[in-house]
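Just so it is clear: chains get the letters A, B, ... in the order the sequence lines come, proteins before strands, and each one is counted from 1. Heavy-atom basis, side chains included; hydrogens, waters and symmetry copies ignored.
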Amino acid sequence: MIELYVNGVAYQAREEDTVLRVLQREGFDIPTLCYHEALKPFGACRLCLVEVVSGGRSGITASCALPVSQGLSIKLDTPDIVRARKMLLEMYLAEAPQSQQINELAEKYGVTRTRFVHADTSASGSRCVLCGRCVRVCNELLGLGAINYTGRGVSTSISTPWHEASDVCIGCGACAYVCPTGAIEITDLPDLRIMETWQRTALIIRNCKETKQGIATEKGIDLLYKLLPDLPVYLGELSAEARRTFIATGMKLLNRT
Amino acid sequence: MKIRTFFDLERIRAKGISFLFPGKLKISVGMGSCGIAAGADAVYEKLSETMKTVVPEGILNKTGCLGFCGEEPFVNVSMPHKPLVIYHRLLERDVPELLEHVMRGEHYRQKVFCKMDILENFMLPKALRFGDGYPDFPSIHDTPFYSKQKRIVLRESGVIDPESIEEYIAVGGYASLLRVLENGSSEAVVKVIQNSGLRGRGGAGFSTGVKWDIAHKLTSDLKYIICNSDEGNPGAYMNRGEVESDPHMLIEGMIIGGFGIGATDGIVYVRTEYPLVVERLRQALEQARYYGFLGKNICNSSFSFDIHIICGAGSFVCGEETALIASVEGFPGRPRPRPPFPSENGLAGKPTVVNNVETLCNVPVIFAKGAKWYSSIGSESSKGTKVFSLVGDVKHTGLVEVPMGTTLKEIIYDIGGGGIDGRKIKAVQIGGPSGGCIPSHLFDLPVDYESLQGSGAIMGSGGMVVLDEQSCIVDVTKYFLAFTCGESCGKCIPCRRGLEHMLYILDAICDGRGSMEQLAELMEVAEIVRITSLCGMGQAAPNQVISTIRYFKDEYEVHIKERKCPAGVCKSLL
Amino acid sequence: MDKKTSDIVLRYKGQVGGLLCILNEVQETFGYLPKEVLKEIASELAVPLSQLFSSATFYSAFTLKQRGKHAFHICVGTSCHIKKAPDILDEFSRLLKVAPGNTTENDEFSLETVQCIGCCSLAPAIGVDRGVHGHATVDQVPDIIKKYKGTT
């Protein structure tokens, strides 16, 4: 076990922890956008900033990527960090004015107006903050890479190659699931899932023969079989009840609960 | 043939000496990118054609950059037992006249710049002597441009042929490597560099010895040493000059470094805008392999190592080490959070040391003369010398190498010759887009890492742009903001949106639409971008704004309150 | 895969930094990064196409469209900037009737800016194809264009 200090108070941490994990576990309210527990730390959103006082390279740094070390001492919410966070939120308001989550986050820290101008170049219109969670989940976790960053600087956006409909996307919806700002739109029709944000990539949905409800996309099911060859042979004749059992089995096989 | 012992090296050394001192007339044309752009290739072609008939026994070859780039093209003429005579501003049309003189054993005085009696390159126990004579030609050490320089990195640039490994060996090259491998202790290598006080020459000034030590101590199946030759600072071209003129000093330094940290592979990441660097380096690597300095069991040791070149693709931020690593891995050059530091977890998750070109070029000399000698040069905190590209509104422009601690005044006035056409110098911009402007009344400042940081600029990689009353500080600031904004990778919002906003305000000011409120906002945003950006580029980009508002607020105010540009640069205000 | 592409891939496949080297050579060989070529490379190296497109659109040395027969690279480094490079860029733009970053209608000339070619003592400098013009002036621009017009 490792001991570190937060605002002068000692806390216990595991060797493999990052500072943010400890802070979250201990109930501190640290704002984040790009951090996700299933993904490697990315350090993009700059909201989880803390100040290292001693026991490490001093200065302001992102806690999501800062490993714990014996004797590390950090401060939260210093005047610099409070000021910086407010301006960052002004920037986020200009970046994603239509996002309810961004508006709420900004308001929480007392930011209701922005001096920054929104130049809309992002493919997802006015809700994407380029936190990269969607890219990372699709590339790192699923190993598919249907989407990625394109361009650079203020012209950066997240899109598909040549901004065309994707033949790699399986329509799993993990991107929308992890998006913190509601920037990714999916339309589910009876037989088709349309990934609106990814150039209206359309995926055929397999429906349950019994309940007529959508189970998953055909491409998603193909990938599942590839990853878990021990699954029941045909997925499509399960009742809603059996579907739930099936998913639970699958999760256990994947070693996740 | 593989060189395995000092005896082998001595044989090749003798060969190289016979190239350097062939016992007959030798003409060397300075063929660095600057020289070529000034017309050196035409000079070389003309000499190549006409020497055959006029002086058929004469030898013609290439040399690198002497550093006085404003006086290019340079041509060196060597006659047996006589000092090397260095010609400047020698164009194609001057060749016939030059040969007229030279075939009679004389010199074309009009175009002579200086002579060089000896080459003191610190790599040999005794300096190499060209010869005595020509009392009325000034010695290179007596010329204003060179007298205050101490050329350790540029020790043989512009004298030896960069395309000849034998000439490099003749002036002491690869002896340090042999010594290091014979001694056999990688620990000792790291210790020497730690004791020398060598700090990273790419800009951050981090202790090279500490970086090497961290990687050295880790056990790993793979370890990398990467030479950062991505020199993206506009106005800075030291690394280009260094590699084009003396590629083997970089290679030798890298092999020693590789041995010190236990590297399995070396990579030189060269920016794509430097094709001649790639060409010279590629050729030099092949030569090094031929003699067994790269490959398996180098010089009879158990150390196997090789170096390959990877070209960048036009991205300034790839000069940042985590972005560089991402680029080598096949991704866009977007920086990653540190920690973990590359020395522990870098390329493909393996220990990776990233060093600037100039840092590595210092290594062979440190091993030749010792850490104590090296640390006796420079200032308390900053050891050794630094190469600067002295450019802009100054009389003498080029690559200048001085001991750390030399003052700005000495560099700009004594070496640089002061302002052009008697114009008053206003400031010097140091550190490129991550640096700032230092006003002329502070020119007594010594050039070292801490002093420059304290003044609001940074050492940077060595770009030094002199600005006189015809340059507008606000315009130069806007220029740098436009640069960093265009080079921003876009990953973190403070750099992506913050720099854009700062540029927007500077545009307004230069356009006569600025207000004092906006100036305050500019400072406010600058501060936040500085403390919240993910990487060094974003963190340092506001330095230019912060330093110029600190020292040149009056210039901003004239633009805002009077809608005037005192230097006459901002077009909307004329 | 066409021969040119497979040669390039074979040369660098499996090497550290190989992907970046491949992209550089494709740009050099074809004059841009063709979609079909990148698709083949993605498949051959088992790398997502989106990663290649991400790099293709990130680095300024890469283009998705064919460049002109001749490329004028106007250096806009610091030293060149204070020696009036912007005026030279404007003059090129005016005479070629093309904005920086674009190619003339007849595909003959591309006009681009480059962030420092390292010839700062010869500012302002212009890179043309593989050569460099130092100490350029606005008056020289028409002659420089004329020199390359109609040549390959």
Taking [Y]'s backbone N and O only, do any of them form a donor-acceptor pair with [X]'s side chain (distance below 3.5 Å, no angle check)?
X      : Y      : answer
B:T397 : B:V391 : no
C:T5   : C:V37  : no
B:T477 : B:I473 : yes
C:D129 : C:H70  : no

With a 4.5 angstrom heavy-atom cut-off, is it the side chain or the backbone of [X] that approaches chain B, or both, or neither?
X      : answer
C:C21  : side chain
C:Q15  : side chain
C:V114 : side chain

So which residue, [options], ends up with the most heavy-atom pairs under 4.5 Å with chain C?
options                        : answer
B:L276, B:D393, B:L390         : B:D393
B:A38, B:G392, B:G32, B:P275   : B:G392
B:G432, B:G490, B:G398, B:G333 : B:G333
B:F483, B:Y274, B:Y269         : B:F483
B:G232, B:S327, B:S315         : B:S327
B:C34, B:P433, B:G70, B:P332   : B:P332

Quick check on [X] against chain C: is it the side chain, the backbone, both or neither that has a heavy atom closer than 4.5 Å?
X      : value
B:E231 : neither
B:A348 : neither
B:I267 : side chain
B:N233 : backbone
B:F331 : both
B:L467 : side chain
B:C472 : neither
B:V476 : side chain
B:F316 : neither
B:S471 : side chain
B:L347 : side chain
B:V277 : neither

*Nearest heavy-atom neighbours spanning C:S110 and C:T103*: OG-OG1, 2.9 Å

*asked:* Going by side-chain hydrogen bond (donor to acceptor under 3.5 Å, both in side chains), name the residues that satisfy it together with B:R334, two or more places apart in sequence or in a different chain.
replied: none

_Could you work out, with side-chain hydrogen bond (donor to acceptor under 3.5 Å, both in side chains) as the rule, every residue matching B:R423, not counting sequence neighbours?_
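Partners of B:R423 under the side-chain hydrogen bond (donor to acceptor under 3.5 Å, both in side chains) test: B:D468.
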
Partner chain B: residue of [options] with the largest heavy-atom pair count (under 4.5 Å):
options                    : result
C:C120, C:G77, C:A61       : C:C120
C:N24, C:I22, C:T57, C:L23 : C:N24
C:I117, C:L52, C:L20       : C:L20
C:V132, C:I82, C:V76       : C:I82

*Go through the steps for B:E242 and B:N239 under the test side chain to side chain donor-acceptor pair (under 3.5 Å), then give the verdict.*
CA-CA 5 Å; B:E242 286 151 6; B:N239 298 159; 3.0 Å; yes

*Under 4.5 Å between any side-chain heavy atoms of B:S33 and B:Y237, yes or no?*
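Side chain of B:S33 against side chain of B:Y237, heavy atoms only: no contact under 4.5 Å found.
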
_Any heavy-atom pair between the side chains of C:L111 and C:I74 that's under 4.5 Å?_
yes

_Would B:K350 and B:Y224 count as a cation-pi pair here, with the cationic atom under 6.0 angstrom from the ring centre and within 45° of the axis?_
no

*Quick one: do B:Q544 and B:Q429 satisfy side chain to side chain donor-acceptor pair (under 3.5 Å)? Show the steps, please.*
CA-CA 9 Å; B:Q544 181 64 22; B:Q429 208 284 341; 2.8 Å; yes

*Report the relative orientation of the aromatic rings in C:F62 and C:Y59; use parallel for angles under 30°, tilted for 30 to 60°, perpendicular for over 60°.*
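Because their plane-to-plane angle is over 60°, the rings of C:F62 and C:Y59 count as perpendicular.
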
_Taking the six-membered ring for Trp, are C:F109 and C:F92 closer than 6.0 Å centroid to centroid?_
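Judged by ring-centre distance (under 6.0 Å), C:F109 and C:F92 do not meet the cut-off.
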
*Approximate separation, where rounding is to 0.5 Å, of B:M238 CE and B:E358 CD*: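 It is 6.5 Å, given to the nearest 0.5 Å.
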
